[in-house]
**Q** 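Take this structure, written in structure tokens, and hold onto it; I'll ask about it next.
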Amino acid sequence: MYTFSNRLKIASFILMAVGLLGIGIGFVSAPGTVEEAKAMIAQHGDGHGAAEGHDAVATDHGEGHDASHDEHLLHQLQNKPWAALYVAAFFFFMIALGVLAFYAVQRAAQAGWSPLLFRVMEGITAYIVPGGIIVFVILVLSVMHMNHLFVWMDADVVAHDKLLQGKAGFLNPTFFLVRAVIFLGGWILYREYSRKLSLRQDESDDNASFKMNFRISAAFLVFYLISESMMSWDWIMSVDPHWFSTLFGWYVFASMFVSGITVIAMVTIYLKSKGYLEEVNDSHIHDLAKFMFGISIFWTYLWFSQFMLIWYSNIPEEVTYYVTRIADYRLPFFGMVAMNFLFPVLLLMNSDYKRINWFVIMAGLVILAGHYLDIFNMIMPSTVGDQWYIGIPEVGAVLFFLGLFIFWVFRALSTVPLQPKRNPFIEESKHFHY
């Protein structure tokens, strides 16, 4: 059984403490008035080139427009710590959710190579509970108008926007939270019940629990594909409610799937380096690295399909999504494409490199950083506009959730033996070679 070392516990607590401090500084330093917002803009510059242009337009349209513009900038700067918190909270939650999907696929497919990794996957998916609760709390606070992350939650904005009025049947606070409860409830219920069946199988003298796990995993995948798509519309795409993409659900799924598989590989390599998971061999790592490589290509296919079709058609209500990101977020926008496509291709294309642990870890760190930037690019342009920079709130939020993720995952790993005993495919997994 894995022992959760005091050193790792202390490291996770330090990360959480430093992260909380950074998050607190971000909220305390957020402007409370228009005058404070102007002073902050003057101190940090005009964002990334757009504020000066806005000011010129405001002057041309008179004081009323100028006041509206000032209030808009105030909301953007007030959103900055909230958006940083939300990006990090969702990023680490989506890792656990991606692992849950991969775990369900392995169960439903009755894969023979992966049972040795089931306890690792179950340990990572334990984070779905605290991670999901935190994301839900942020959504509730948004409904309570503690922030301006979701513009369609502002009744005054909806009253002057015919498009949002047309979407009010779906985009309304009550139905929004009800859907979130259904999504989280379904994901958590499957994780807990599947984990219970997995542990029960170890003590059983038949395969009844294994067969039940197979059936509920197959059914869950149907629920997951529907709920994950709707979640991506609700929690991410609706921050910019005037824009939509029919590929968006798949695009977010690819991001969370490859991130989850990457973390499975990294945790497995760490545990093996500490003398655990002795039966796991280079072929298991090779297969995980193949998934990292393959899903990175799949993500790129979806990214390019979405980008190319929207850019080529040049429909104003669609193309503005990318115009904003290319104009104000050029470095993170194109940087994450390089990190999520070029680096995995160059680092993991060679079959031999997929068996080198430190090489897989290096590729994994680049992939995770790239997909954090992917979520950053989805959320920030619609919430903070051009007033973005990687500062204390962003770093603090990442450190806090990294510490919480490490603590929760490795605590879960330390509660049960890391190797299943009576999985029907355990012997095949032990002798898996590629």
**Q** For Asp202, what residues pass the salt bridge (Lys or Arg N to Asp or Glu O under 4.0 Å) criterion, not counting sequence neighbours?
**A** Arg119
**Q** Can you confirm whether Val99 sits close enough to Phe102 that some side-chain heavy atom of one is under 4.5 Å from a side-chain heavy atom of the other?
**A** no
**Q** Looking at Met237, is its backbone amide N or carbonyl O close enough to the side chain of Asp240 to form a donor-acceptor pair, meaning the two atoms are under 3.5 Å apart?
**A** no
**Q** Do the two ring centres, one from Tyr127 and one from Phe93, sit under 6.0 Å apart?
**A** no
**Q** Is there a donor in the side chain of Thr383 and an acceptor in the side chain of Asn79, or the other way round, less than 3.5 Å apart?
**A** no
**Q** Please confirm whether the backbone N or O of Gly385 pairs with a side-chain atom of Tyr329, one donor and one acceptor, at under 3.5 Å?
**A** yes
**Q** For Tyr2, which residues count as a side-chain hydrogen bond (donor to acceptor under 3.5 Å, both in side chains) partner, sequence neighbours excluded?
**A** none
**Q** Please check if the number of heavy atoms outside Met308 that lie under 6.0 Å from its CE is greater than 12.
**A** yes
**Q** Would you indicate whether the side-chain heavy atoms of Ile367 and Ser296 approach each other to under 4.5 Å?
**A** yes
**Q** Provide the full list of salt bridge (charged side-chain N to carboxylate O under 4.0 Å, His left out) pairs with a residue in residues 387-403, sequence neighbours left out, each pair given once.
**A** Lys80-Glu394
**Q** Before giving the answer on side-chain contact (heavy atoms from CB on, under 4.5 Å), spell out for Leu347 and Met362 the whole-Å C-alpha distance, their side-chain angles and the decisive distance to 0.1 Å.
**A** CA-CA 9 Å; Leu347 295 179; Met362 180 177 64; 4.0 Å; yes
**Q** Using the side chain to side chain contact (heavy atoms under 4.5 Å, CB included) definition, which of the options Ile310, Leu302, Leu309 pairs with Gln306?
**A** Ile310
**Q** Using the ring of each side chain (for Trp, its six-membered ring), is Phe253 parallel, tilted or perpendicular to Tyr224, with breaks at 30° and 60°?
**A** perpendicular
**Q** Are more than 12 heavy atoms, taken from residues, nucleotides or ligands other than Phe334, located less than 6.0 Å from that residue's CZ atom?
**A** yes
**Q** For Tyr353, does the OH atom have more than 12 heavy-atom neighbours from other residues, nucleotides or ligands under 6.0 Å away?
**A** no
**Q** To check you understand the geometry: which heavy-atom pair defines the closest contact between Pro344 and Asn340, and what is its length?
**A** CG-O, 3.5 Å
**Q** Would you say Asn147's side chain and Trp82's backbone share a donor-acceptor pair under 3.5 angstrom?
**A** no
**Q** Report yes if some heavy atom in the side chain of Tyr193 is under 4.5 Å from a heavy atom in the side chain of Asn213; otherwise report no.
**A** no
**Q** Would the distance check show the side chain of Ser194 and the main-chain N or O of Arg191 forming a donor-acceptor pair, the cut-off being under 3.5 Å?
**A** no
**Q** Who are the side chain to side chain contact (heavy atoms under 4.5 Å, CB included) partners of Asp287, not counting sequence neighbours?
**A** Trp113, Lys290, Phe432
**Q** Honestly, is Lys9 close enough over Phe407, meaning NZ or CZ under 6.0 Å from the six-membered ring centre and within 45° of the axis?
**A** no
**Q** Test of understanding: with salt bridge (Lys or Arg N to Asp or Glu O under 4.0 Å), list the residues that count as partners of Arg195, not counting sequence neighbours.
**A** Glu122
**Q** Is there a side-chain contact (heavy atoms from CB on, under 4.5 Å) between Tyr103 and Tyr190 once you walk through the steps?
**A** CA-CA 11 Å; Tyr103 176 76; Tyr190 167 74; 3.8 Å; yes
**Q** Parallel, tilted or perpendicular for Trp250 and Phe298, by the 30°/60° rule?
**A** perpendicular
**Q** Looking at Leu116, Val120, Leu418, Val360, which hits side chain to side chain contact (heavy atoms under 4.5 Å, CB included) with Thr268?
**A** Val120
**Q** Taking side chain to side chain contact (heavy atoms under 4.5 Å, CB included) as the definition, give me every residue that meets it alongside Ser5, ordered by chain and number, with sequence neighbours left out.
**A** Arg7, Leu8
**Q** How are the rings of Tyr251 and Phe248 set to each other: parallel, tilted or perpendicular (split at 30° and 60°)?
**A** tilted
**Q** Determine yes or no for a side-chain-to-main-chain donor-acceptor pair under 3.5 angstrom, with Ser255 supplying the side chain and Val252 the backbone.
**A** no
**Q** Could you tell me which residues satisfy side-chain hydrogen bond (donor to acceptor under 3.5 Å, both in side chains) with Trp235, sequence neighbours excluded, listed by chain and number?
**A** none
**Q** Mark yes when over 12 heavy atoms from residues, nucleotides or ligands other than Ile392 sit less than 6.0 Å from its CD1; otherwise mark no.
**A** no
**Q** Would you call the rings of Trp152 and Phe150 parallel, tilted or perpendicular, taking 30° and 60° as the class edges?
**A** perpendicular
**Q** Supply the atom-to-atom distance Ile188 CD1 to Phe183 CZ, rounded to the nearest 0.5 angstrom.
**A** 13.5 Å
**Q** Under 4.5 Å between any side-chain heavy atoms of Tyr276 and Gln419, yes or no?
**A** no
**Q** Quick check on side chain to side chain contact (heavy atoms under 4.5 Å, CB included): which of Phe400, Phe90, Phe401 does Leu85 satisfy it with?
**A** Phe401
**Q** Applying salt bridge (charged side-chain N to carboxylate O under 4.0 Å, His left out), which residue pairs with at least one partner in residues 358-384 are found, sequence neighbours left out?
**A** none
**Q** Between Arg330 (side chain only) and Ile326 (backbone N and O only), is there a donor and an acceptor less than 3.5 Å apart?
**A** yes
**Q** Do the ring planes of Phe405 and Phe92 sit parallel (below 30°), tilted (30 to 60°) or perpendicular (above 60°)?
**A** tilted
**Q** Between Ser229 (side chain) and Ile226 (backbone), is there a donor-acceptor pair under 3.5 Å?
**A** no
**Q** Where do Met339 and His371 land on the side-chain contact (heavy atoms from CB on, under 4.5 Å) test, with the steps shown first?
**A** CA-CA 8 Å; Met339 296 170 76; His371 284 284; over 6 Å; no
**Q** Apply side-chain contact (heavy atoms from CB on, under 4.5 Å) to the pair Glu318 and Trp311, showing each step before the final yes or no.
**A** CA-CA 8 Å; Glu318 293 182 357; Trp311 188 260; over 6 Å; no
**Q** Could you tell me if the ring centre of Phe91 sits under 6.0 Å from that of Phe376?
**A** no
**Q** Which value, rounded to the nearest 0.5 Å, describes the distance between Ile138 atom CD1 and Met146 atom CE?
**A** 12.0 Å
**Q** Is it the case that the side chains of Asp161 and His242 hold a donor-acceptor pair, with the cut-off being a distance below 3.5 Å and no angle test?
**A** yes
**Q** Please list, chain by chain and in numerical order, all residues satisfying side-chain hydrogen bond (donor to acceptor under 3.5 Å, both in side chains) with Asn377, sequence neighbours excluded.
**A** none
**Q** So, using side-chain hydrogen bond (donor to acceptor under 3.5 Å, both in side chains) as the criterion, who are the partners of Asn357 when residues are at least two apart?
**A** none
**Q** Just to verify, what does Val143 make a side chain to side chain contact (heavy atoms under 4.5 Å, CB included) with, not counting sequence neighbours?
**A** Met153, Pro173, Phe176, Leu177
**Q** Judged by modelled atom types alone, do Ser238 and Trp233 share a side-chain donor-acceptor pair under 3.5 Å?
**A** no
**Q** Could you tell me whether a side-chain N or O of Gln165 sits under 3.5 Å from a main-chain N or O of Val158, the two making a donor and an acceptor?
**A** yes
**Q** Counting only N and O atoms by type, is there a donor-acceptor contact under 3.5 Å from the side chain of Arg179 to the main-chain atoms of Phe170?
**A** yes
**Q** Mind checking what makes side chain to side chain contact (heavy atoms under 4.5 Å, CB included) contact with Phe293, not counting sequence neighbours?
**A** Ile297, Val345, Leu348, Met349, Lys354
**Q** Are Trp303 and Phe307 an aromatic pair, judged by ring center distance below 6.0 Å?
**A** yes
**Q** Identify the two heavy atoms, one from Ser217 and one from Ala108, that lie closest to each other, and give their separation to 0.1 Å.
**A** CB-N, 4.0 Å
